[in-house]
K.L.:
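Have a look at this one.
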Amino acid sequence: MSRQISSLLAIAAVCVTLAPAPAFAQDPKKEPVDCSQVKCLALTFDDGPGQYAGTLLDTLKKYDAKATFFLEGQYVKSRPKFVKRMAAEGHELGNHSYKHPDFTKSSEATIKDEIQKTQDAVKAAAGVEPKLLRPPYGMTDVRVSEIAEQFGMPQILWTAGSKDWSLKNVDAIQKQTLAVAKPNGIILMHDWVKQTVDGMPALIKTLQNKGYHLVTVSDVIKGESLEPGDAFPLPEGWEQ
């Protein structure tokens with residue numbers, strides 16, 4: 001049992017929304033980034049692959065940036081070519097459920113089915129299985145952690161959000177993201193938000209000019225020694 005879960009058994013439930021296993025594919029020609037020595041930032045995209053994922057992947061490739069995609073199984077099934085390309089181009093694939101229910105309000109059987117169906121869909125599309133779980137809405141508790149542990153997956157939340165899903169404005173999304181960017185940060189974004197994808201070239205150039213290496217979540221958390229079921233960053237109210 002993970003150290004976090006064992007220390008939390010006395011807590012009935014902790015559910016918060018915050019405003020994760022090596023990467024699946026790395027360019028063998030490039031030296032891995034050491035985020036203990038350079039400024040790293042992980043851009044993460046939830047709920048996809050969205051309809052603009054192809055354009056986003058073009059941008060990431062152009063600027064030699066990596067990202068982590070927390071995928072919904074239902075969209076993996078309908079857009080498998082995007083998922084295959086994500087893995088082939090060195091991005092990390094994470095599990096974000098099949099249809100995005102609140103796990104803290106779902107039955108154990110539903111949670112397991114949501115996770116497994118997405119694992120299967122990603123494996124069918126890209127030949128790899130996600131090693132990281134991001135529970136829908138960032139909502140988790142002891143029971144969800146125990147199920148994540150059974151799947152051998154840490155839970156990845158985020159250090160800050162771009163608020164793109166509500167802002168829906170290129171300049172505002174860029175301003176918010178730059179305001180919350182910090183070394184070894186994990187930023188929540190969405191590839192179904194057109195304004196996010198439209199503004200990504202300028203945002204990536206600005207971040208790189210500020211010295212950031214845009215990497216996968218696994219690059220950022222490499223020194224955290226996370227165990228299956230652990231949540232990172234820790235939700236408010238959880239004990240170390």
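When reading the values below, keep in mind they use all heavy atoms of this one structure, side chains included, and skip hydrogens, waters and symmetry mates.
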K.L.:
Determine, stepwise, if the pair Phe103 / Ser97 fulfils side-chain contact (heavy atoms from CB on, under 4.5 Å).
P.N.:
CA-CA 9 Å; Phe103 280 0; Ser97 81; 3.8 Å; yes
K.L.:
Using a 4.5 Å cut-off on heavy atoms from C-beta on, say whether the side chain of Leu133 contacts that of Ile115.
P.N.:
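Ile115 reaches Leu133 side chain to side chain.
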K.L.:
Answer whether the closest heavy-atom distance between the side chains of Asn169 and Gln174 falls below 4.5 Å.
P.N.:
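Contact flag for Asn169/Gln174 side chains = no.
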K.L.:
Is it the case that Thr216 and Asp219 place a side-chain donor and acceptor less than 3.5 Å from each other?
P.N.:
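Yes, side-chain donor-acceptor contact under 3.5 Å.
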K.L.:
How close do Ile186 and Trp158 get, heavy atom to heavy atom, and via which atoms?
P.N.:
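The pair with the smallest heavy-atom distance is O-CB, 3.4 Å.
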K.L.:
Looking only at atom types and distance, does a side-chain atom of Lys39 sit under 3.5 Å from a main-chain N or O of Lys210, one as donor and one as acceptor?
P.N.:
yes
K.L.:
For the side chain of Arg134 and the backbone of Leu157, is there at least one donor-acceptor N/O pair under 3.5 Å apart?
P.N.:
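The answer is yes, because a donor-acceptor pair under 3.5 Å joins these two groups.
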K.L.:
Run the side-chain contact (heavy atoms from CB on, under 4.5 Å) check on Phe151 and Gln116 step by step: do they pass?
P.N.:
CA-CA 9 Å; Phe151 278 89; Gln116 188 61 60; 3.3 Å; yes
K.L.:
Report whether Leu57 and Tyr75 are members of the same hydrophobic cluster (ILVMFWY, side-chain heavy atoms less than 4.5 Å apart, transitive linking).
P.N.:
no
K.L.:
Hey, would you say the Phe69 and His96 ring centroids sit under 6.0 Å apart?
P.N.:
no
K.L.:
Is a donor from one side chain sitting under 3.5 angstrom from an acceptor on the other, for Ser145 and Gln155?
P.N.:
yes
K.L.:
When you compare the side chain of Lys131 with that of Met153, does any pair of heavy atoms fall below 4.5 Å?
P.N.:
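Sidechains of Lys131 and Met153: no contact.
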K.L.:
Grab the two heavy atoms, one from Thr159 and one from Gly185, that are nearest each other, plus how far apart they are.
P.N.:
OG1-CA, 3.5 Å
K.L.:
Within the 3.5 Å criterion, strictly below it, is a donor on Gln150 or Lys112 matched to an acceptor on the partner's side chain?
P.N.:
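Their side chains do contain a donor-acceptor pair, which is all the 3.5 Å distance test asks for.
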K.L.:
Taking all atoms of both residues into account, what is the closest heavy-atom pair of Trp165 and Val193, and its distance?
P.N.:
CA-CG2, 4.1 Å
K.L.:
List the steps and the verdict of side-chain contact (heavy atoms from CB on, under 4.5 Å) for Tyr137 and His100.
P.N.:
CA-CA 8 Å; Tyr137 309 104; His100 209 270; 3.3 Å; yes
K.L.:
Atom NZ in Lys163, atom CD in Gln176: separation rounded to 0.5 Å?
P.N.:
4.5 Å
K.L.:
Is any NZ, NE, NH1 or NH2 atom of the basic residue among Asp58 and Arg85 found under 4.0 Å from an Asp or Glu carboxylate oxygen of the other?
P.N.:
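Yes, charged N to carboxylate O under 4.0 Å.
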K.L.:
Nearest 0.5 Å, what's the NZ-OG1 distance between Lys62 and Thr59?
P.N.:
7.5 Å
K.L.:
Indicate yes or no: at least one non-hydrogen side-chain atom of Leu71 is less than 4.5 angstrom from one of Pro130.
P.N.:
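The answer is no; the side chains never approach within 4.5 Å.
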K.L.:
Where is the tightest heavy-atom contact between Pro49 and Phe82, given as atom of each residue plus distance?
P.N.:
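Nearest heavy atoms, Pro49 then Phe82: CB-CB, 3.9 Å.
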K.L.:
State which residue, out of Trp192, Phe45, Tyr52, fulfils the side chain to side chain contact (heavy atoms under 4.5 Å, CB included) condition with Val197.
P.N.:
Tyr52
K.L.:
Look up atom CG in Leu56 and atom NZ in Lys61, then write down how far apart they are to the nearest 0.5 Å.
P.N.:
13.5 Å
K.L.:
With a 3.5 Å distance limit and no angle check, can you tell me whether Glu149 reaches the backbone of Gly229 through a side-chain donor-acceptor pair?
P.N.:
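Checked: no pair found.
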K.L.:
Please round to the nearest 0.5 Å and tell me the distance separating atom CD of Glu89 and atom CG of Asp64.
P.N.:
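Atom-to-atom, Glu89:CD and Asp64:CG are 11.0 Å apart.
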K.L.:
Determine whether Met189 and Ile187 make a side-chain contact, defined as any pair of heavy atoms from C-beta on separated by less than 4.5 Å.
P.N.:
yes
K.L.:
Taking the side chain as every heavy atom from C-beta outward, state whether Glu114 and Ser106 have any atom pair closer than 4.5 Å.
P.N.:
no
K.L.:
Go through it in stages, so that I can follow the logic: the residues are Met200 and Thr55, the test is side-chain contact (heavy atoms from CB on, under 4.5 Å), and I'd like the CA-CA distance, side-chain angles, deciding distance and then a yes or no.
P.N.:
CA-CA 10 Å; Met200 196 55 59; Thr55 301; over 6 Å; no
K.L.:
Picking from Thr44, Asp164, Asp46, what satisfies side chain to side chain donor-acceptor pair (under 3.5 Å) with His190?
P.N.:
Asp164
K.L.:
Do the non-hydrogen side-chain atoms of Lys66 and Leu60 ever get within less than 4.5 Å of each other?
P.N.:
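Side-chain contact under 4.5 Å: no.
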K.L.:
Does some side-chain heavy atom of Met86 sit less than 4.5 Å from a side-chain heavy atom of Asp191?
P.N.:
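Heavy-atom side-chain distance check passes, below 4.5 Å.
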K.L.:
What pair of heavy atoms forms the shortest contact from Leu167 to Ser162, and how long is it?
P.N.:
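Minimum heavy-atom separation between Leu167 and Ser162: CD1-O, 3.5 Å.
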K.L.:
Do the side chains of Ile173 and Leu41 join up, straight or via other hydrophobic residues, at under 4.5 Å, putting them in one cluster?
P.N.:
yes
K.L.:
Taking all non-hydrogen atoms of both residues, which atom of Gly73 and which atom of Ala121 are closest, and how far apart?
P.N.:
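So the two residues come closest at O-CB, 4.1 Å.
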K.L.:
So, taking the atom named NZ in Lys117 and the one named CG in Asn95, what distance separates them when rounded to the nearest 0.5 Å?
P.N.:
12.0 Å
K.L.:
Within this structure, what is the OH-SG distance for the pair Tyr212 and Cys35, rounded to the nearest 0.5 Å?
P.N.:
11.5 Å
